[in-house]
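For reference, the structure is listed below as structure tokens.
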Amino acid sequence: MKTISACTMDCPDACSLVVTEKTDGSVSLRGNPDHPFTAGFACKKIRNHIRRLRSPDRILHPLLRRGEQWQRISWDEALDLCAQKIQALRHEPAAILHFHSDGAKGVLKQAVNLFFACIGASRIRGTLCDGAGYIACVQDFGSRENNTPEDLLNAGRIVNWGKDLSRSSVHLAAIVRRARKRGTKVLTISPGGYGNGSFSDDRVRLRPGTDRMLAAAVIRRMLSRNEIAPDIFARTRNPDTFRAMLRRQSEARLLAACDLPEADIETVRRYYEADVPVATLVGAGLQRYCHGGENVRFINALALLAGHMGRTGGGSYFHLHSMGNFDLSWAGDLKEKPRRSFREPTIGRDLLAAGPPEVRMIWVNGSNFINQAPDCHQNIRAFERIGFRVVTDAFMTDTARRADLVLPSALMLEQADIVGSFLHRHVQYAPAVLPPPGEARDDFQIISELGRRLDPPVLLPDADACFRMSLDTPQLNTTPEELRARGSVRANLPDIAYAGMRFDHPDGRARLPTVLHPEPGPPEGYPLRFLTLVRRDAIHSQMLPDPYPRLPEAWVAPECRALTGLDLSQPIFIVSPLGRLKVSLQLLPGLHPGTVVYRRGDWMSRGGGANQLIAARRTDMGGGAAFYDQYVRLENG
Ligand SMILES: Nc1nc2c(c(=O)[nH]1)N[C@H]1C(S)=C(S)[C@@H](COP(=O)(O)OP(=O)(O)OC[C@H]3O[C@@H](n4cnc5c(=O)[nH]c(N)nc54)[C@H](O)[C@@H]3O)O[C@H]1N2
Ligand SMILES: Nc1nc2c(c(=O)[nH]1)N[C@H]1C(S)=C(S)[C@@H](COP(=O)(O)OP(=O)(O)OC[C@H]3O[C@@H](n4cnc5c(=O)[nH]c(N)nc54)[C@H](O)[C@@H]3O)O[C@H]1N2
Ligand SMILES: [Mo]
């Protein structure tokens, strides 16, 4: 039997999937050939997913902590216990914290937020993902819009600032591959060494964190050559301050900060000066720094001043808001009832420093934040101080194993929902195709049932009402019935964002950045930047490698100076002021020599967990986590 569903992973591609169930009980998944964006293929994560659903490690029943042991309890007991704990704090709801992330995406997951908004619980704000880049774009253009990804086929050239096309988005990669076949030249700008070779005609390998300096140096040179048309400056509100700021910079100093030879400025300038449209891709990696938002703002400024915004084949592409096409106001906070919030990137520190009321209950869904947010050990200390910890998950993650009550969650394909994408414009219905194992339930069921047990109850809208309210937007203008029948609806938005360089600020003009911060150098004793990048075959900390490696791997350039004096036949540790992690060290030609690469998402309980070494710091804007700001050293023994 074949059913069409959709991928709800926290991944830009949000694929339409054909699920085939055979009579022998086996299930296969593949990209839907009839979906205009998915076009018949999906990634390895999809192939791994069925194995994950059927894993013997799935949590099958509610589990209550009894000292060091887990006791199996019934759903009734579990929900009554939760209701009783919430009831006891109902007069002081800020003592309850709701922590969620995007374990599975979907409109119904918002109902969990609605539940906690209704009782007035504390919430989280900020993000571990893309907040700095997102807000940078909003500051520049007044909103966050892209040309359609398909419009990349009209680009004469593409400049890829640090998007890992070989791993993070197979469909974006396929579009770039097609564009290259048609003759589009691609320049990749990154710290190097990660396999974008087959997506690049030219490469610039810069020091991590310094993209804004490179973009500024290129703009400066364009200015001195009178290459920026006055009518483009007229589309910005603050050209004079911007030019004055750039004049104060020295090109030599900018280049030294990026660790680049002079010829590279010319390479980038020539790409942008082309009389064909130039599209700019902006990866999420370069915004995971203290000045990450500024990095994105200078890249946007370059795309704009070189005349490539608001036109076909041009534009600057950063993540969209994956829920941006939905109306989620039904699940939002009420203005008249502001809630206490804790910042996600610094969650452990903020919880430990919090004033009254002390957080006495936490509810976690769709998140493995103990492992995924910076400074794990601080996160653990903060988490363990909370009196009653509920985690809804399908596996005993580093977060779940520290809970008091673990509720078994359904996973993708076992729960119905509606998803959007942070790359394309299709909104899709993802029906439940397989039964959840054991007693696992989806978050919506769990939270709706819990609400009914409170006194007074919190009665959530039913699933269909949530879908209906969410889909009722000018760009979607559809109903649950229509979406179910069609599987997918494309949001009706212009193909070209900011056409004619009309931006979404009230005056229609873009804003240019006015400050250029230097990039902090390595602190004494920690010379290497620690880049914790995505894994190809996994989404975040879901799907552990199989077979599981004896030690986590890390990579440095063969010419990395830290190799002198290291005995590679002995254990190697990555060391930061926060701790040390034993790794198997490999050489990666092409990587910037001041860098250690680690593939993030492996678990602390399995000997991994890069965030044990990463201090909790926020980005300059958007409340993001500056993961890649961390410096480390390597040592034996
Ligand atoms: N397979 C897989 N795909 C995923 C995910 C996953 O877990 N697995 N996660 C999804 C999510 S939520 C996200 S946010 C995205 C993230 O996707 P990406 O944007 O690709 O994010 P990262 O892997 O964090 O960083 C990507 C690249 O940034 C480069 N980089 C690092 N620092 C700098 C810098 O200072 N300048 C420049 N120019 N480049 C730099 C690195 O070389 C790296 O290759 O991927 C999504 N797709
Ligand atoms: N060092 C470092 N750390 C990073 C980053 C980095 O660059 N460097 N980048 C980060 C980025 S881009 C992101 S987006 C975050 C992601 O951080 P998280 O969202 O915390 O990561 P996941 O591993 O996806 O954790 C989701 C959990 O939800 C569970 N789950 C799946 N489906 C469901 C469901 O339907 N219901 C419930 N209740 N649970 C479900 C999964 O089993 C999993 O344990 O990590 C960030 N962490
Ligand atoms: Mo992310």
Side-chain angles (χ1 to χ4, degrees), residues 8-13 43-45 52 100-106 108-109 112 127-130 133 160-170 188-196 204-211 214 281-289 292 295 299 318-319 322 344-345 364-374 391-395 397-400 407-412 414-415 417 422-423 442-444 446 519 529-543 591-592 595 597-601 609-611 613-614 624-625 627-628 630:
T8 61
M9 284 181 208
D10 184 12
C11 170
D13 295 43
C43 68
K44 179 108 178 271
K45 306 194 289 290
R52 175 169 159 84
H100 61 94
S101 177
D102 277 339
K105 282 184 179 286
L108 287 187
K109 302 293 177 199
V112 187
T127 158
L128 300 179
C129 184
D130 54 7
N160 173 10
W161 297 77
K163 182 93 205 134
D164 185 349
L165 290 173
S166 75
R167 289 185 180 79
S168 71
S169 173
V170 291
T188 300
I189 301 171
S190 81
Y194 60 94
N196 263 357
V204 163
R205 189 192 69 184
L206 84 180
R207 183 162 85 89
T210 61
D211 298 71
L214 174 57
L281 302 179
V282 184
L286 57 82
Q287 50 99 64
R288 302 187 207 281
Y289 294 88
N295 281 338
I299 295 169
F318 185 68
H319 291 172
S322 61
E344 199 168 353
V364 183
N365 64 288
S367 158
N368 183 14
F369 81 92
I370 294 278
N371 197 54
Q372 295 298 101
V391 175
T392 309
D393 205 308
F395 293 92
T397 63
D398 285 304
T399 308
L407 301 176
S409 159
L411 291 173
M412 170 171 123
E414 298 168 349
Q415 51 191 348
D417 217 324
F422 52 98
L423 171 64
D442 67 62
D443 296 287
F444 184 69
I446 298 171
E519 184 61 13
R529 211 107 207 208
F530 190 36
L531 300 190
T532 43
L533 309 179
V534 293
R535 278 185 295 153
R536 186 174 283 125
D537 301 340
I539 189 83
H540 307 312
S541 72
Q542 310 188 37
M543 298 164 197
L591 183 64
H592 187 275
T595 305
V597 163
Y598 187 100
R599 295 279 159 202
R600 67 179 181 249
N611 283 315
L613 306 185
I614 299 180
F627 292 106
Y628 302 176
Q630 187 63 50

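Order of listing sets the numbers, starting from 1, for every ligand and every atom in it.
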Q) Side chain of Gln287, backbone of Gly133: donor and acceptor closer than 3.5 Å? A) yes
Q: May I ask you to say whether Asp10 pairs ionically with Lys105, meaning some side-chain N is under 4.0 Å from a carboxylate O?
A: yes
Q: For Lys109 and ligand 2, answer yes if some heavy atom of the residue is under 4.0 Å from a ligand atom, otherwise no.
A: yes
Q.
Heavy atoms only, cut-off 4.0 Å: how does Arg600 contact ligand 2, side chain, backbone, both, or neither?
A. side chain
Q: List the atom of Ser541, the atom of Gln372, and the distance in Å for their closest heavy-atom pair.
A: CB-OE1, 3.5 Å
Q: Using heavy-atom distances, let me know which of Gly209, Ser168, Ser322 sits nearest atom 17 (O) of ligand 1.
A: Ser168
Q) Do Asp393 side-chain atoms and Ala400 backbone N/O form a donor-acceptor pair below 3.5 Å? A) no
Q) If hydrogens are left out, which of Ala538, Gly162, Ala284 has an atom nearest to atom 28 (O) of ligand 1, that is, the closest non-hydrogen atom? A) Gly162
(Q) Heavy-atom contact check, 4.0 Å cutoff: does His319 meet ligand 1? (A) yes
Q | Donor-acceptor pair, side chain of Arg52 and main chain of Leu411, under 3.5 angstrom | A | no
Q | Gln415, any N or O under 3.5 Å of ligand 2 N or O | A | yes
Q: Tell me which protein heavy atom sits closest to atom 32 (N) of ligand 1, plus the residue, atom name and distance to 0.1 Å.
A: Tyr289 OH, 2.8 Å
Q | Minimum-distance protein heavy atom relative to atom 18 (P) of ligand 2 | A | Ser101 OG, 3.7 Å
Q. Any N/O of Asp10 closer than 3.5 Å to an N/O of ligand 2?
A. no
Q. Which is closest to atom 10 (C) of ligand 2 in terms of heavy atoms, Asn611, Leu128, Ile539?
A. Leu128
Q.
Strictly distance-based, threshold 3.5 Å: is any side-chain N or O of Thr210 a donor or acceptor partner for the main-chain N or O of Arg207?
A. yes
Q.
Against ligand 2, does Arg52 come closer than 4.0 Å with any heavy atom?
A. yes
(Q) Run the salt bridge (charged side-chain N to carboxylate O under 4.0 Å, His left out) test against Asp398 and tell me which residues pass, sequence neighbours left out. (A) none
Q | Sub-4.0 Å atoms of ligand 2 with respect to non-hydrogen atoms of Asp443 | A | 34 (C), 35 (O), 36 (N), 37 (C), 38 (N)
Q: Check whether any side-chain N or O of Arg529 sits under 3.5 Å from a backbone N or O of Tyr628 as a donor-acceptor pair, and report yes or no.
A: yes
Q: Pick, from Val364, Asn368, Asp393, the option with the minimum heavy-atom distance to atom 42 (O) of ligand 2.
A: Asp393
Q | Identity and separation of the nearest protein heavy atom to atom 37 (C) of ligand 2 | A | Ser409 OG, 3.3 Å
Q) Ignoring hydrogens and geometry, is there a side-chain-to-backbone donor-acceptor pair from Arg600 to Thr532 under 3.5 Å? A) yes
Q.
Just verifying a value: how many Å separate Asn160 CG and Leu165 CG, rounded to the nearest 0.5 Å?
A. 5.0 Å
Q.
Strictly distance-based, threshold 3.5 Å: is any side-chain N or O of Asn368 a donor or acceptor partner for the main-chain N or O of Thr399?
A. yes
Q) Strictly by modelled atom types, are Arg536 and Ser166 linked by a side-chain donor-acceptor pair under 3.5 Å? A) yes
Q) Just going by heavy-atom distances, which of Gly601, Gly609, Ser541 is nearest to atom 23 (O) of ligand 2? A) Ser541
Q | Proximity flag Ser169 to ligand 1, non-hydrogen atoms under 4.0 Å | A | no
(Q) Just to be sure I read this right, does ligand 2 sit under 4.0 Å from the backbone of Asp130, its side chain, both, or neither, counting only heavy atoms? (A) neither
Q | For ligand 2, the portion of Ala625 having any non-hydrogen atom under 4.0 Å away | A | neither
Q. Which residue supplies the protein heavy atom nearest to atom 24 (O) of ligand 2, what is that atom called, and how far is it?
A. Gln542 NE2, 2.8 Å
Q) Considering only heavy atoms, which of Asp211, Asp102, Val170 lies nearest to atom 36 (N) of ligand 1? A) Asp211
Q: Could you see which bit of Ile614 sits under 4.0 Å from ligand 2, with heavy atoms only: side chain, backbone, both or neither?
A: side chain
Q: Report the nearest protein non-hydrogen atom to atom 30 (N) of ligand 2: residue, atom name, distance rounded to 0.1 Å.
A: Gly103 CA, 3.9 Å
(Q) Under a 3.5 Å distance rule, please check whether Ser101 uses its side chain to pair with a backbone N or O of Gly103 as donor and acceptor. (A) no
Q. Looking only at protein heavy atoms, which one is nearest to atom 14 (S) of ligand 1, and how far off is it?
A. Cys129 SG, 3.2 Å
Q: Evaluate the side-chain contact (heavy atoms from CB on, under 4.5 Å) criterion for residues Leu281 and Phe318: first the C-alpha distance (whole Å), next the side-chain angles of each, then the deciding distance (0.1 Å), finally the verdict.
A: CA-CA 7 Å; Leu281 302 179; Phe318 185 68; over 6 Å; no
Q | Nearest neighbour in protein (non-hydrogen) for atom 40 (C) of ligand 2 | A | Gly366 CA, 3.9 Å
Q | Nearest heavy atoms of Asp211 and Ile299, plus distance in Å | A | CB-CD1, 4.0 Å
Q. Phe627 near ligand 1, heavy-atom distance under 4.0 Å?
A. no
**Q.** Closest protein heavy atom to atom 13 (C) of ligand 2, given as residue, atom name and distance to 0.1 Å
**A.** His540 CE1, 3.6 Å
Q.
Donor-acceptor check, side chain of Ser169 to backbone of Pro12, threshold 3.5 angstrom: yes or no?
A. no
Q: Say whether Tyr598 and ligand 2 are in contact under the criterion: heavy-atom distance to a ligand atom below 4.0 Å.
A: no
Q.
With a 3.5 Å distance limit and no angle check, can you tell me whether Arg535 reaches the backbone of His540 through a side-chain donor-acceptor pair?
A. yes
Q) So Asn611 and Asn371, side-chain contact (heavy atoms from CB on, under 4.5 Å) or not? Walk me through it. A) CA-CA 6 Å; Asn611 283 315; Asn371 197 54; 5.9 Å; no
**Q.** Protein residue, atom and distance nearest to atom 12 (S) of ligand 2, heavy-atom basis
**A.** Arg288 NH1, 3.4 Å
Q) Any heavy atom of Arg207 sitting closer than 4.0 Å to ligand 1? A) no
Q: Indicate yes or no: does an N/O atom of Asp537 lie under 3.5 Å from an N/O atom of ligand 1?
A: no
(Q) Can you list everything that forms a side-chain hydrogen bond (donor to acceptor under 3.5 Å, both in side chains) with His100? Sequence neighbours excluded, please. (A) none
Q: Heavy-atom distances under 4.0 Å are what count here, so tell me which part of Thr392 touches ligand 2: side chain, backbone, both or neither.
A: both
Q. How does Thr532 reach ligand 2, if at all, at less than 4.0 Å between non-hydrogen atoms: by side chain, backbone, both, or neither?
A. both
Q: Could you check atom 47 (N) of ligand 2 against the protein and tell me its nearest heavy-atom contact, residue, atom and distance included?
A: Gln372 O, 2.8 Å
